[in-house]
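We use all heavy atoms of the structure for the numbers below, so side chains are in, but hydrogens, waters and symmetry mates are not.
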Amino acid sequence: MSAGATGVGSLPGGDAREAAKTATGSFEDFPYLPELPARGPGADMIGRSTGLLVDMYAHVEPSGWRISDRPGRDTRRARSWLGEDLDALEEFTQGYTGRLKVQAVGPWTLAAALELHGGEAMLQDAGACRDLAGSLAEGLREHLADVRKRIPGADIVLQLDEPSLTAVLLGRVRSASGYRTYRAVDRQVVEGTLREVFAVHDGEVIVHSCAPEVPFGLLRRAGAAGVSFDFSLLTEREDDAIGEAVEGGTKLFAGVVPGTDGPLSDPGGSVMGVRKLWRRLGLAPGTLAESVVVTPACGLAGASPAYARAVQAHCVRAARSLADNPE
């Protein structure tokens with residue numbers, strides 16, 4: 001069993017075909033649907049995910065995305081770009097069988113980013129958060145069905161991006177004025193909402209966050225099959241939670257390669273930290289390849305096209321190194 005490698009989501013540039021070619025060519029065993037935020041509002045992660053919502057719409061204000069009463073130009077643009085990206089991916093995955101990853105923003109990061117009519121985040125209104133999660137779940141169900149129809153051989157992995165999850169749990173999301181923060185959301189409520197959204201997919205659901213203090217235990221209890229994170233932000237405080245997660249069968253999508261341009265170490269060096277973590281936790285080296293998928297630390301939207309291609313190839317080599325020399 002070889003360790004896998006895949007991308008996180010975003011790539012530089014604005015050419016859907018070029019991006020699909022890169023994502024499928026780099027990761028022949030685990031391609032993903034690229035996101036191209038450089039195209040502008042609606043291609044960014046929040047705008048793209050508002051385009052998936054059912055019976056709920058959003059438009060761009062100077063302060064960010066705000067809920068609207070009806071679909072407007074921004075919603076249409078988000079949906080059109082997603083359609084273009086899916087067409088390109090479909091073209092480069094003819095006859096493909098195997099794992100394929102698609103990404104959307106999770107309910108809590110969306111609630112922290114989307115504004116109500118008055119300008120405050122949806123996060124402050126428990127009823128609005130419930131409606132948002134329901135609308136997102138319905139939209140994801142339709143989106144996954146569309147991907148299945150286009151790429152019938154794919155074993156779809158759904159990634160929910162939740163970079164604001166820790167801030168939501170700890171009451172660190174700032175209000176519109178910036179002078180105060182919204183109250184922390186109860187952990188049971190956060191977990192229950194995630195569980196409901198995960199339930200739309202009968203395959204693997206993973207959660208991505210490149211913020212510090214990822215709540216591994218909560219995500220595992222909510223039913224996440226894997227957690228995708230920036231490996232450089234881990235501290236030994238997370239050891240117990242990670243050890244329990246791995247022993248419970250949770251996959252670690254370890255972001256070990258920097259997402260912005262810089263020198264790349266040798267592939268073996270990139271996964272040295274993962275081997276050390278395994279030793280520290282007293283886990284069997286033989287389980288490394290089954291438990292770890294190698295990825296960039298975060299999306300690659302801020303990278304140069306050449307670096308983005310180099311990083312993806314590097315992740316594949318680093319995964320091979322991990323499988324060949326787990327010790």
inquiry  = Walk me through whether Val271 and Leu288 qualify under side-chain contact (heavy atoms from CB on, under 4.5 Å).
reply    = CA-CA 11 Å; Val271 286; Leu288 252 176; over 6 Å; no

Straight-line distance of Ile46 CD1 to Ser164 OG, nearest 0.5 Å = 7.0 Å

ask   = Within the side chain of Thr287, is there an N or O that forms a donor-acceptor pair under 3.5 Å with the backbone of Ala284?
value = yes

query = Is there a side-chain contact between Val294 and Val316 (heavy atoms, below 4.5 Å)?
reply = no

message = Please determine whether residues Val102 and Leu86 belong to a single hydrophobic cluster, defined as Ile, Leu, Val, Met, Phe, Trp and Tyr linked transitively by side-chain heavy-atom distances below 4.5 Å.
response = yes

Selection residues 181-234 - residue pairs positive for ring pair (Phe, Tyr, Trp, His ring centres under 6.0 Å), sequence neighbours left out = Phe216-Phe229

remark   = Heavy atoms of Lys149 and Pro152 approach each other most closely as O-CD, 3.7 Å

inquiry  = Just so I know, are the side chains of Gln103 and Val8 near enough to count as touching, which here means a heavy-atom distance under 4.5 Å?
reply    = no

key: Other residues, nucleotides, ligands: >12 heavy atoms within 6.0 Å of Arg70 CZ   = no

inquiry  = For a quick test of reading the model, state the closest non-hydrogen atom pair linking Gly268 to Ser321 and the distance between them.
reply    = CA-OG, 3.4 Å

request  = Check whether Leu116 and Leu114 end up in the same hydrophobic cluster, where Ile, Leu, Val, Met, Phe, Trp and Tyr are linked by side-chain heavy atoms less than 4.5 Å apart.
outcome  = yes

ask   = If Ile, Leu, Val, Met, Phe, Trp and Tyr residues are connected whenever their side-chain heavy atoms lie under 4.5 Å apart, and connections chain through other members, are Val246 and Met272 in the same group?
value = no

query = Donor-acceptor pair, Arg220 side chain versus Gly249 backbone, under 3.5 Å?
reply = no

ask   = Are there more than 12 heavy atoms of other residues, nucleotides or ligands under 6.0 Å from atom CZ of Arg73?
value = no

message = As an exercise, state the distance from OG of Ser228 to CG of Asp161, rounded to the nearest 0.5 Å.
response = 8.0 Å

inquiry  = Taking CZ in Arg275 as the centre, count heavy atoms belonging to other residues, nucleotides or ligands within less than 6.0 Å. Is the count above 12?
reply    = yes

query = Looking at side-chain heavy atoms only, is the closest gap between Leu132 and Leu53 below 4.5 Å?
reply = yes

request  = Flag the pair Tyr32 / Pro34 as yes when at least one side-chain heavy-atom distance between them is below 4.5 Å, and no otherwise.
outcome  = yes

ask   = Pairs in or reaching into residues 13-24: which pass salt bridge (Lys or Arg N to Asp or Glu O under 4.0 Å), with residues at least two apart or in two chains?
value = Arg17-Glu91

ask   = So how far is it from Phe92 CZ to Asp87 CG, rounded to the nearest 0.5 Å?
value = 12.0 Å

message = What I want to find out is whether Arg317 reaches Asp266 closely enough, with some N-O distance under 4.0 Å, to be called a salt bridge.
response = no

query = According to the salt bridge (Lys or Arg N to Asp or Glu O under 4.0 Å) rule, which pairs have a member within residues 42-64, sequence neighbours left out?
reply = Arg48-Asp85

task = State, yes or no, whether a side-chain contact exists between Thr93 and Thr24 at a heavy-atom distance under 4.5 Å.
result = yes

task = Can you sort out the partners of Ala154 under side-chain contact (heavy atoms from CB on, under 4.5 Å), two or more places apart, ordered by chain and number?
result = Leu100, Ile151, Ile156

ask   = Where is the tightest heavy-atom contact between Gly259 and Ala303, given as atom of each residue plus distance?
value = O-CB, 3.5 Å

Closest approach of Gly226 to Thr250 (non-hydrogen atoms, all atoms of both residues) = CA-CG2, 3.9 Å

key: Side-chain donor/acceptor of Ser26 to backbone N/O of Thr22, under 3.5 Å   = yes

message = If only side-chain N and O atoms count, and only distance matters, is there a donor-acceptor pair under 3.5 Å linking Ser63 with Glu115?
response = yes

ask   = Taking NZ, NE, NH1 and NH2 as the nitrogens, is one of them in Asp202 or Arg148 under 4.0 Å from a carboxylate oxygen of the other?
value = yes

ask   = Leu234, Leu281: one ILVMFWY side-chain cluster at the under-4.5 Å cut-off?
value = yes

ask   = Is a side-chain donor or acceptor of Thr75 paired with a backbone partner of His59 at a separation under 3.5 angstrom?
value = no

request  = Go through the steps to decide whether Thr6 and Asp29 satisfy the test side-chain contact (heavy atoms from CB on, under 4.5 Å), and finish with yes or no.
outcome  = CA-CA 8 Å; Thr6 190; Asp29 300 325; over 6 Å; no

query = So, for Ala112 and Val173, which heavy atoms are closest and what is the spacing to 0.1 Å?
reply = CB-CG1, 4.1 Å

Residues Glu238 and Thr235: side-chain donor-acceptor under 3.5 angstrom = yes

ask   = Roughly how far, to the nearest 0.5 Å, is the CH2 atom of Trp108 from the CG atom of Leu194?
value = 8.0 Å

task = Report yes or no: does Gln159 contribute a side-chain atom to a donor-acceptor pair with the main-chain N or O of Ile206 at less than 3.5 Å?
result = no

task = Run the numbers on Leu165 and Ser209 for side-chain contact (heavy atoms from CB on, under 4.5 Å), then give the verdict.
result = CA-CA 8 Å; Leu165 185 61; Ser209 168; 5.8 Å; no

query = Any luck finding a side-chain donor-acceptor pair between Ser10 and Glu35 under 3.5 Å?
reply = no

inquiry  = Please tell me whether Leu233 and Val292 are part of a single hydrophobic cluster in this structure, the criterion being side-chain heavy atoms less than 4.5 Å apart.
reply    = no

query = Ser175 side chain to Thr181 main-chain N or O, any donor-acceptor pair under 3.5 Å?
reply = no

Gly7 backbone acceptor or donor facing Lys101 side chain under 3.5 Å = yes

task = Begin from the C-alpha positions of Met122 and Leu110 and carry the test side-chain contact (heavy atoms from CB on, under 4.5 Å) through to its verdict.
result = CA-CA 8 Å; Met122 291 185 93; Leu110 216 46; over 6 Å; no

Gap between atom CD of Glu204 and atom NZ of Lys251 - 0.5 Å precision = 4.5 Å

Minimum side-chain heavy-atom gap Trp278-Ser291 below 4.5 Å = yes

Close side-chain approach of Glu213 and Leu170, heavy atoms under 4.5 Å = yes

query = From Leu136 CG over to His143 NE2, what is the distance, rounded to the nearest 0.5 angstrom?
reply = 10.5 Å

remark   = By ring pair (Phe, Tyr, Trp, His ring centres under 6.0 Å), Phe253 pairs with (sequence neighbours left out) none

remark   = Residue set satisfying salt bridge (Lys or Arg N to Asp or Glu O under 4.0 Å) with Arg141, at least two apart, ordered chain then number -> Glu138

query = In terms of side-chain heavy atoms, does Glu327 have a donor or acceptor partner in Asn325 at a distance below 3.5 Å?
reply = no

note = In short, Arg79 meets Tyr57 closest at the heavy-atom pair NH2-CE2, 4.0 Å

request  = Using a 4.5 Å cut-off on heavy atoms from C-beta on, say whether the side chain of Tyr307 contacts that of Leu264.
outcome  = yes

